[in-house]
Amino acid sequence: MVGERLSGSSTRLNVTSPVQCAHPTSGSHKTSTESVHRVLKSVSRQSLLDLVGCKFGMSKSRQSHSSYHQEGYFSTSRDSISTSNFNRAANVSSAASELDLSRKARRKDLRGRLKLPTSVTLASSGEAPLLGAWRNTPGSTAGTNPPSSNHLNSTSSCNGTESRYGSRRAESYSSRLRSGSSNWSFVFDPAGRLCYYWSMVVSLAFLYNFWVIIYRFAFREIDANTLLVWFCLDYFADFLYLVDIVFHFRTGYLEDGVLQTDSTKLRNHYMNSTTFYIDCLCLLPLDFLYLSVGFNSILRSFRLVKIYRFWAFMDRTERHTNYPNLFRSSSLIHYLLVIFHWNGCVFHIILKNDGFGSKNWVYSDSESTDNVKAYLQSYYWCTLALTTIGDLPRPRNKSEYVFVIFQLLFGLLLFATVMGHVANIVTSVSAARKEFQAKLDGVKTYMRMRRVPNHLQVKVIKWFDYLWLTQKCSDEEKAVSCLPDKLKAEIAINVHLDTLKRVEIFQNTEAGFLCELVLRLRPVLFSPGDYICRKGEVGKEMYIVNRGRLQVVADNGKTVLATLKAGSYFGEISILNMGTAGNRRTASVRSVGYSDLFVLSKKDMWDVLKEYPAARVRLEAIAVKRLEKYKRAPLEKAAMGRSQSTPGLVESRGKIALEDMWLPATLVGLTSAFTRSPMSTPPPRQTPDSPTGSTSSGRSHHPSSHASHTSHARSQGGTTWKCDSMTHLVSGIATPLLDSREALESEIKRLQERLNTVETENAAMSVKLNQHQWELENRLTEIEMQICGSRSTSSLEDNERNRESFI
Ligand SMILES: Nc1ncnc2c1ncn2[C@@H]1O[C@@H]2COP(=O)(O)O[C@H]2[C@H]1O
């Protein structure tokens with residue numbers, strides 16, 4: 001992102017692929033693919049509307065709240081953020097307190113249900129997974145299938161993650177309760193928290209067996225003194241294993257992506273799975289053999305098969321934890337300790353059974369009756385061997401040599417593995433920093449090679465500093481690139497929502513409008529003193545201030561017309577063609593310090609406004625107010641003649657520049673070919689304070705950079721709007737008479753080439769003119785709509801609230 005920002009091609013934070021709808025001017029050329037695209041877009045947009053609606057507490061949510069309330073819906077799902085948020089918003093107006101209240105409500109509700117269960121199907125899938133899923137199978141016995149085994153089909157609404165807490169059902173329940181025909185069951189959501197905590201308990205039981213079985217076997221630890229303690233612990237662990245089997249019978253599973261909760265199905269599913277047999281194997285009661293062979297822990301070794309549960313638990317923890325590296329390090333250390341433990345125990349077993357011919361090879365007192373000391377000696381020896389630290393007692397016979405060689409080789413592999421893991425952890429910890437440093441180094445090298453002036457280099461480095469300090473150095477888009485578009489959009493909405501909520505125009509507007517816009521925002525960062533836009537430039541983007549302070553300044557660059565802060569927006573006047581100067585910027589905007597802005601391109605804005613004319617009316621009303629204020633400043637000057645802030649630039653006097661209109665890709669290529677025509681003169685050098693020069697630092701450019709290129713070439717060129725080729729044709733005619741035949745021939749050739757170019761240009765221009773005409777007609781219609789809209793609503797009064805500018 002750093003690089004992208006710097007190179008002026010910053011990416012969209014919204015991360016959903018923007019739907020490239022045709023520009024208004026190309027409305028007639030829409031393809032069927034585009035319409036399909038639109039349909040898809042509107043479908044995915046719909047669910048996002050709920051989220052935005054609830055966050056903003058918009059009217060839609062309020063309406064829905066009442067209906068939900070009447071219906072008695074009760075949301076418990078985290079799977080659908082939109083739905084749950086929607087319901088939460090319905091319960092409380094404040095977004096912050098929503099969650100708590102909703103949780104409390106849920107807890108209260110649960111408590112209520114536990115005391116007096118009613119007919120509830122509560123599908124849990126995340127937010128309240130502790131609940132699992134209460135199911136009632138009215139009138140059915142354990143062996144019969146209810147009409148619908150799928151709780152989503154039977155009870156859910158919308159996206160299948162809500163559950164209905166129906167009053168009618170409650171009534172029928174109480175009657176059933178009286179008749180005693182109710183059959184209650186509890187189904188665990190495999191993705192829920194309860195399942196997770198339970199797997200943790202089972203993992204602890206497994207770890208007990210994992211550490212203790214081999215230890216007791218190697219050191220004959222179990223005797224009359226310790227019998228009771230070990231037996232209690234052993235059979236408590238076995239009890240947990242048993243409960244785990246019962247738990248599995250009641251754990252839901254996904255079939256075709258849908259959580260199954262029917263008890264018969266669950267039972268069949270579990271009993272037909274390998275897991276069931278593994279779980280049974282774990283509990284193989286070989287302990288009865290104690291009666292004949294005496295206490296021998298190795299008879300419990302089948303308990304270790306439960307390792308699959310432990311691995312699953314570790315995997316899930318690693319996926320869910322916010323400290324993955326800490327977790328990985330701890331897990332690695334634990335594995336090391338366990339390996340040393342097992343190795344030490346095996347080593348002791350070998351020694352105990354006459355070792356390799358001599359019992360006292362390693363320790364002279366290895367016959368010691370102190371089990372703990374013997375254990376520590378073995379553990380110590382294994383630690384030396386497996387960490388390849390060495391300093392081992394010298395082997396004395398062949399078997400000992402072989403054993404030690406094997407130990408050292410194994411230790412070497414273990415050491416290499418551990419090193420690899422540690423390296424991975426260290427690398428991932430510092431990955432962000434390295435990536436950032438690499439980008440910075442790249443930019444520095446480039447600036448040095450290109451001999452960028454020192455002050456600019458310092459500015460760039462300071463910009464990097466700011467990025468690093470404000471933690472904006474990570475490539476946000478890359479981080480979420482693997483997510484599906486829908487999820488990316490939800491994230492984008494959540495990430496940008498705080499800022500957007502502060503923007504006046506979004507506050508009383510439709511949820512969909514904001515939703516559409518948020519998906520099109522791109523973040524940009526400006527350094528102190530940067531001009532975001534200059535008066536007289538063609539407006540191609542509007543901006544929303546996320547953080548920072550900006551000044552709207554007059555021509556002289558000193559008079560501050562307005563100060564903008566977080567939640568303000570600017571740049572809308574020119575993209576709405578509102579000013580007297582048409583699509584030209586009516587003022588310059590300068591960043592006071594570092595400013596985080598969101599950019600919205602003109603095309604995106606228009607695409608959205610087309611669908612939300614009411615929002616456009618509001619936006620325009622605010623723009624009118626700003627313009628009124630601006631009239632007090634010498635705006636008239638801006639509308640005539642040369643712009644003072646942009647030398648060489650001619651104001652377009654309310655006309656929409658042709659190049660600013662959207663062009664089909666083919667034409668863009670065509671027209672850019674013109675500007676690159678070998679006959680065209682190279683564009684004049686930009687003055688240091690030219691608009692593009694000053695606004696390009698650290699910001700992204702509109703994709704249609706072609707337009708800006710031509711506009712600059714033109715604006716620097718003179719007072720008439722002419723294509724380069726045309727200019728050359730005219731100048732070619734004025735060429736003095738040529739005397740030689742060759743010169744004449746070459747001149748004819750040149751003129752023919754130019755003729756061809758002009759013809760092509762002509763064709764392109766007529767297309768442009770058609771588009772222009774279309775846009776003007778479109779604009780006329782919209783103005784009519786606007787007039788009607790403003791008559792019917794007193795929106796101007798609302799717009800009084802737009803107080804982001806304080807002069
Ligand atoms: N008086 C003002 N108060 C706040 N913003 C302004 C004022 N005058 C101009 N602007 C903003 O500055 C922007 C400059 O570019 P635009 O003309 O596109 O849109 C302009 C407005 O958004």
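Values below: all heavy atoms of this structure, side chains included; hydrogens, waters and symmetry mates excluded. We count ligands from 1, going down the list as the structure has it; atoms in each ligand are counted the same way.
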Can a non-hydrogen atom of Val552 be found less than 4.0 Å from any atom of ligand 1?
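For ligand 1, residue contact (heavy atoms, under 4.0 Å) with Val552 is present.
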State if Ala587 counts as touching ligand 1 under the rule of any non-hydrogen atom under 4.0 Å.
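Judged by the 4.0 Å heavy-atom criterion, Ala587 does count as contacting ligand 1.
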Tell me if a side-chain donor or acceptor on Ser527 pairs with a main-chain N or O of Asp530 at a distance below 3.5 Å.
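Side chain of Ser527 to backbone of Asp530: no pair is present.
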Is there a donor-acceptor pair under 3.5 Å between the side chain of Ser568 and the backbone N or O of Val545?
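Not a single qualifying donor-acceptor pair exists.
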May I ask you to check if ligand 1 and Gly571 share an N or O to N or O distance below 3.5 Å?
yes
Under 3.5 Å between any N/O of Tyr569 and any N/O of ligand 1: does that happen in this structure?
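N/O-N/O distance under 3.5 Å: no.
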Shortest heavy-atom approach to atom 21 (C) of ligand 1 - which of Arg584, Lys602, Glu572
Glu572
Which pair of heavy atoms, one from Ile573 and one from Ala623, lies closest together, and at what distance?
CG1-CB, 3.9 Å
Ligand-residue contact atoms, ligand 1 with Phe570, heavy atoms, under 4.0 Å:
11 (C), 22 (O)
Contacting atoms of ligand 1, where contact means under 4.0 angstrom from a heavy atom of Val589:
12 (O)
Using the six-membered ring wherever Trp is involved, compare the ring planes of Phe436 and Phe464 and label them parallel, tilted or perpendicular (cut-offs 30° and 60°).
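The arrangement is perpendicular - the two ring planes meet at more than 60°.
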Distance col, row Lys459:NZ vs Leu456:CG, nearest 0.5 angstrom, shows 6.5 Å
Could you tell me if the ring centre of Phe598 sits under 6.0 Å from that of Tyr569?
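Here the rings of Tyr569 and Phe598 have centres that are no less than 6.0 Å from each other.
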Is the contact between Met542 and ligand 1 made by the side chain, the backbone, both, or neither, using heavy atoms and a 4.0 Å cut-off?
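Neither; no heavy atom under 4.0 Å.
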Heavy-atom contacts under 4.0 Å between Ser574 and ligand 1: side chain, backbone, both, or neither?
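The part of Ser574 near ligand 1 is both the backbone and the side chain.
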Strictly below 4.0 Å, N to O, side chains only: are Glu572 and Arg585 in salt-bridge contact?
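Salt bridge between Glu572 and Arg585, a charged N being under 4.0 Å from a carboxylate O: no.
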